[in-house]
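Keep in mind that the numbers below use all heavy atoms, side chains included, and drop hydrogens, waters and symmetry copies. Remember, predicted model here, so these are calculated numbers, not experimental data.
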Amino acid sequence: MHHRTSRRTLLAAAAATAAAAATGTVTVPGAAAADRTGSPASPSTDSRGVPVERLRRIVAGMSLEEKVGQLFVMRVYGHSATAPDQADIDANLAEIGVRTAAEMIAKYHVGGIIYFAWAHNTRDPHQIAALSNGIQRAGLAGPSKVPLLVSTDQEHGIVCRVGEPATLLPGAMALGAGGSRADARRAGQIAGAELAALGINQNYAPDADVNVNPANPVIGVRSFGSDPGSVAGMVAAQVKGYQGAGIASTAKHFPGHGDTSTDSHTGLPVITHTREQWSELDAPPFRAAIAAGIDSIMTAHIVVPALDPSEDPATLSRPILTGILREELGYDGVVVTDALGMEGVRTKYGDERVPVLALKAGVDQLLNPPGLDVAWNAVLTAVRSGELTEARIEESVLRILRLKAKLGLFRDPFVKDSQVDRVVGTRAHLAAADRIAEHTTTLLANPTGLLPLSRRSHRNLLVVGADPASPSGTTGPPTTTLAAEFTALGHTATALSTGTAPTQAKIAEAVAAAAGKDAVVVGTYNVTATGSQRTLVSALAATGVPVVTVAIRNPYDIARLAGTGYAASLAAYSWTDVELRAAARVIAGHAEPGGRLPVPVQRADDPSQVLYPVGYGLSY
């Protein structure tokens, strides 16, 4: 079972074969691919029939303030564009200096708004649709009558802003484990159709990072896996799914955030890949996205010295964004920054310089600056001083308007309330999500043949473990969800939440609760070698009751549970209900464990040894 190899050797071998295969079909050589890069299908008309000359006239008729505003995508608090709750008005006044979304659009002419659950934008489907329509009305009330791009992070899995009753789908690494491009495309199509019905027309998904570092604190299961060719195929499938549903898709985080042990939200990661390693490991999914006609690409707040010796973060790097993304990869679609409030982009330059440097690097959209007034005025000042030309601003505005035209927003930016019920969370969508999820659950260990659990011999179950907050705020908690599904399948299951760091008292409570049970299911969450989740599994196994562990986030947990005495172990890749229910059906024998590891699992005490290689997974 031990495969002795270094991480770099493993990655290089995988990259050499997979990238060769991937680039053979998806490499986009320079300008030859300009017609496949999110640009209008012909030079004179966009895909919805809006003449580009009309868009140029709109740009020409804009004031400088309006042009600069079009570059910004901003957060705003509230469930309504004009009548948010008082607490949200107060938050908007404190952070943006306006009371409502409509006031922000009128004052700053922003080209887009990003939705967050914590900003109270996503309470329920009908409210979201009404908010989107209110935002579009505010845009059309402006001098140039320009509709807005309404965006969100709906990656599914562990990053999800719109929750139930919308359909929640497996995330990227789960889809990578399933290995079906058809499933990935169908997931994107379902998600895209539901977002479109809510008036959300730009999704910051899929994640195109190749997760080659198990210690990556920010990507992990948000990535499709560690094999660049496989990730490239999944990315292309999702792009086609999302964009086939009529919304803009966004590949992120260019030039590749997969091999970092620093979170760019809180620091500035440095990627030490050589130019050749970048081309083999990180580039293929972005090449695939471009070949698939991706509408937008998001930048990463990471330093890659091999690509830019100045060691500016990629978001602010002209050699990376213009030299590589635009010129080498031939991409002429919209480039959006990752959020400008993240520490990774703020460590080297102040908030006034960041938006200006991003535009000089080749960015089109400036996402969620910490202070809109500071950033907006900084760009205005840079144009008036001559540091940025108005022509440079117009180039980005035209790209943004072309995308809005492609999405049909100039024709009709509004959504119908009746469409919400016809599309969002339909029985067919929910059933498809369950089917897709069943293909992703990965059985890693079953040495005694305990699984599948029989209702006759293992009827009484205890479910314990971590109960992290729902990614969308609307599912879980995991122990309750698992117990309910086991009960629905004919078992008798009791749930006991023990947390991500169970105390000795909580472990003793779990051990007492296991008495008389036929099996215990433990949901583990990013287990550490010295953490008390490991102690919990050991203590439960010592009772003699068989223990089944289910990793509800990173699949690497099994390496840190070696020697604890578990009887079976699975990976579910996320703790949303759809993936937990699928794992329960697999454990209970109502579904086959179809998932195969999309990343290698290395020994916790010796990372040069691979316990479970890419492609590993047991069947019944």
Side-chain angles (χ1 to χ4, degrees), residues 37-38 71-74 111-112 114 149 151 153 155 202-210 218-219 222-223 235 248-260 262-265 267-271 273 278 282-283 285-287 289-290 294-308 310-349 351 353-370 375 379 392 395-396 399-400 403:
T37 57
L71 309 178
F72 285 94
V73 180
M74 188 63 182
I114 179 171
L149 286 168
S151 62
D153 292 289
E155 297 175 19
Q202 183 175 18
N203 190 17
Y204 297 134
D207 191 300
D209 300 311
V210 180
V218 65
I219 304 302
R222 297 169 63 194
S223 161
V235 165
S249 178
T250 309
K252 61 187 185 186
H253 307 80
F254 190 83
H257 209 316
D259 192 5
T260 171
T262 301
D263 185 342
S264 51
H265 291 84
L268 180 57
V270 177
I271 307 287
H273 291 181
W278 173 81
D282 301 294
F286 292 101
R287 294 183 188 274
I290 291 168
I294 189 79
D295 282 326
S296 52
I297 290 178
M298 180 179 284
T299 68
H301 305 326
I302 57 173
V303 168
V304 190
L307 304 185
D308 182 356
S310 77
E311 301 196 4
D312 280 340
T315 297
L316 311 180
S317 168
R318 186 168 178 82
I320 291 174
L321 298 187
T322 297
I324 295 176
L325 181 56
R326 295 282 192 214
E327 294 169 2
E328 283 186 35
L329 302 188
Y331 178 67
D332 191 38
V334 170
V335 174
V336 57
T337 70
D338 205 344
L340 295 182
M342 292 166 61
E343 201 56 42
V345 79
R346 302 172 77 188
T347 54
K348 193 170 178 181
Y349 302 98
D351 290 341
R353 293 302 297 155
V354 165
V356 176
L357 294 172
L359 291 168
K360 291 175 82 168
V363 155
D364 300 305
Q365 287 183 306
L366 300 160
L367 177 62
N368 204 19
V379 176
R392 168 65 191 89
E395 179 188 325
S396 285
R399 275 199 196 96
I400 293 163
L403 177 53

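Trp278 places a side-chain N or O within donor-acceptor distance of the main-chain N or O of Pro255, the cut-off being under 3.5 Å. In this structure, the side chain of Arg399 does not engage the main chain of Asp364 through any donor-acceptor pair within 3.5 Å. Between the side chain of Thr337 and the main chain of Ala339, no donor-acceptor pair closer than 3.5 Å is present. With hydrogens and angles disregarded, no donor-acceptor distance shorter than 3.5 Å links the side chain of Ser249 to the backbone of Ile294. When atom types are taken as modelled, the side chain of Tyr331 and the backbone of Val334 share a donor-acceptor pair closer than 3.5 angstrom. The main-chain N or O of Val363 is found under 3.5 Å from a side-chain atom of Ser396 such that the two form a donor-acceptor pair.
Using a 3.5 Å distance cut-off with no hydrogens or angles, the side chains of Gln202 and Ser296 do pair a donor with an acceptor. For the residue pair Asp312 and Tyr349, a side-chain donor N or O sits within less than 3.5 Å of a side-chain acceptor on the partner.
Residues that satisfy the salt bridge (charged side-chain N to carboxylate O under 4.0 Å, His left out) test with Asp351, not counting sequence neighbours, are Arg346. With sequence neighbours excluded, the residues satisfying salt bridge (charged side-chain N to carboxylate O under 4.0 Å, His left out) with Arg353 are Glu387. By the ring pair (Phe, Tyr, Trp, His ring centres under 6.0 Å) test, His301 is found to be paired with no residue, residues two or more places apart in sequence or in another chain being considered.
Residues Glu155 and Lys252 meet the side-chain proximity criterion, which asks for heavy atoms closer than 4.5 Å.
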